[in-house]
2 protein chains.
Amino acid sequence: MARRPPTITLDSFDLGILAILQRDTTTPQRVIGEAVHLSAPAVQRRIRRMEEAGVIQAHVAVIDPALVGQSITIFVEVEVISETADLLDAAKRDFAAAPEVQQCYYVTGEADFVLVVVVPSMAAYESLTRRLFFNNPNVKRFRTFVAMDRVKVGLAVPLDEASGGSTVG
Amino acid sequence: MARRPPTITLDSFDLGILAILQRDTTTPQRVIGEAVHLSAPAVQRRIRRMEEAGVIQAHVAVIDPALVGQSITIFVEVEVISETADLLDAAKRDFAAAPEVQQCYYVTGEADFVLVVVVPSMAAYESLTRRLFFNNPNVKRFRTFVAMDRVKVGLAVPLDEASGGSTVG
DNA sequence: GTCTCGCACGAAAGAAACTTGCATCCGGAA
DNA sequence: TTCCGGATGCAAGTTTCTTTCGTGCGAGAC
């Protein structure tokens, strides 16, 4: 299941392709080819190679949460009591398993975890906090930040020239 | 540019389609149709309708930041001095304009903004803080959380039955 | 210097998917 | 009951994706 991705080198062609794909996957390979000065089959081969290397992790549709009834986005900083490997792994699994938890990062600093949570109502969030935090004896405290404005949302990675030419994987 | 999306109603077919698409856009409409018990053209028409309604905002490729040289993910809580509408808008524009800022939310609570930043190095982050925070007289203070583990990353929205049957848009 | 090998390319053919047109069916209103 | 709007499935048409094949370029061996 977790096969090691092969090591590959990304050139400026690959970066150009990635820049387009991380904005819009529906762009035809022919159009991408014109943009980066390559033929469609060449584009297709490079995309496949980057998929196999794990550079492209997935092709997904971005859904507006508000339009499917999930209108509240919340940030949560979680502080744990013990940072034992076992307990951390358990916490990671719990957080990651919750569908309401859109993103979860283990961080340094004044908090141990940062979560991005999407819920339909504050009642649902209250329920989630009970399930994930109050029921977890290893959670010391957590702080809630309710999003009033999703100023910028995405997973786009900055693709500057520094990324090119280097071997990764 | 900002046309109002038409109001539509999502049923369980639409939710089933969305659930698949927000995991993998490459799934053929024929396969989606089999999964939700609909023909391929019906699936295609529903997808188009949801795109036009703004429910589906984009089709994007997810890129592994580490494999394109952007190996550091950082959370930043930003506190501003004045919450004047003008100053807030200015801050939003500045933050959103930076390619390193992957996500930016305006929030309630002890902070005013929460950012997700992706950079190739701590030096780059230091440079970014100077540009975005120290140079901005309205930024009171900011706190940094460096991600050690991206436990869960994505934009997937929980699609429970509660979302169905309701008119949105 | 020359040869050979490996790798990536472009062009073209073939396969698959997407898109559209059309007749039908279902449910609500007159 | 009748009519009408909306959504469906099938089938044809179009575009895109995928594969195959021959060519060209550069690195390394001789």
Side-chain angles (χ1 to χ4, degrees), chain A residues 5-63 67-68 161 163-169, chain B residues 4-63 67-68 159 161 163-169:
Chain A
T7 297
I8 66 169
T9 300
L10 302 181
D11 58 19
S12 62
F13 288 114
D14 294 312
L15 293 180
I17 295 171
L18 287 179
I20 294 174
L21 287 184
Q22 79 172 339
R23 260 193 340 108
D24 183 10
T25 311
T26 66
T27 312
Q29 295 170 353
R30 175 180 48 79
V31 175
I32 299 176
E34 292 167 3
V36 302
H37 303 297
L38 230 51
S39 70
V43 171
Q44 154 32 303
R45 282 186 285 258
R46 283 167 177 271
I47 292 175
R48 169 183 295 272
R49 198 160 49 92
M50 290 191 284
E51 286 171 348
E52 290 170 350
V55 176
I56 297 176
Q57 295 184 316
H59 299 262
V60 303
V62 179
I63 298 175
L67 294 190
V68 291
E161 292 310 320
S163 315
S166 65
T167 298
V168 297
Chain B
R4 186 204 321 279
T7 297
I8 67 168
T9 301
L10 302 180
D11 59 18
S12 61
F13 288 114
D14 294 312
L15 293 180
I17 294 170
L18 286 178
I20 294 174
L21 287 184
Q22 79 172 339
R23 259 193 342 107
D24 183 11
T25 310
T26 67
T27 312
Q29 294 170 353
R30 175 181 50 79
V31 175
I32 299 176
E34 292 167 3
V36 301
H37 304 297
L38 229 52
S39 70
V43 170
Q44 128 88 337
R45 284 185 282 256
R46 283 167 177 271
I47 291 175
R48 168 182 295 274
R49 198 162 48 93
M50 291 191 284
E51 286 171 348
E52 290 170 350
V55 176
I56 297 176
Q57 296 185 316
H59 298 262
V60 303
V62 180
I63 298 175
L67 294 189
V68 291
L159 296 173
E161 292 310 319
S163 315
S166 66
T167 298
V168 297

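Fair warning: this is a prediction, and the values are worked out from it, not measured in the lab. All chains are named by letter (A, B, ...) in the order of the sequence lines, taking the proteins before the strands, and each is independently numbered beginning at 1.
In this structure, CZ of A:Arg48 is placed 10 Å from C1' of D:dC17, rounded to the nearest angstrom. In this structure, A:Arg46 atom CZ and C:dG10 atom P are separated by 9 Å, rounded to whole Å. Put simply, CG on A:Asp14 is 12 Å from C1' on C:dA8, counting in whole angstrom units. Here the P atom of nucleotide C:dA8 and the CG atom of A:Leu10 are 13 Å apart, to the nearest Å. Atom pair B:Ile17:CD1 and D:dA7:P shows a separation of 13 Å (rounding to whole Å applied). One can place CZ of A:Arg49 at 16 Å from P of D:dT19, the figure rounded to the nearest angstrom. Atoms NE2 (A:His59) and P (D:dC17) sit 11 Å apart, rounded to a whole Å. Here the P atom of nucleotide C:dG10 and the CD atom of A:Gln44 are 13 Å apart, to the nearest Å.
Closest of all the heavy-atom pairs between B:Ile8 and B:Ala53 is CD1-CB, 3.6 Å. A:Phe13 and A:Val36 make their closest contact through CE2-O, 3.2 Å (heavy atoms, listed as atom of the first residue, atom of the second, distance). Contact record, A:Ala61 with B:Ile56: CB-CG2, 4.2 Å, taken as the closest heavy-atom pair.
Remark: B:Leu38, B:Ser39, B:Pro41, B:Ala42 in residues 23-42 of chain B come within less than 4.0 Å of DNA chain D through at least one heavy atom.
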All N/O contacts under 3.5 Å from nucleotides 22-24 of chain C to the protein, with atom names and distances to one decimal?
none

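Counting only residues at least two apart or in different chains, side chain to side chain donor-acceptor pair (under 3.5 Å) contacts with residues 28-47 of chain A comprise A:Asp11-A:Arg46, A:Asp14-A:Arg46.
By the side chain to side chain contact (heavy atoms under 4.5 Å, CB included) test, A:Gln22 is found to be paired with A:Ala156, A:Val157, A:Leu159, B:Ile63, residues two or more places apart in sequence or in another chain being considered. By the side chain to side chain contact (heavy atoms under 4.5 Å, CB included) test, A:Ile20 pairs with A:Thr27, A:Ile32, A:Ala35, sequence neighbours left out.
The closest side-chain heavy-atom distance from A:Leu21 to A:Met50 is not below 4.5 Å.
To the nearest 0.5 Å, atoms OG (A:Ser12) and CG (A:Leu18) are separated by 11.5 Å.
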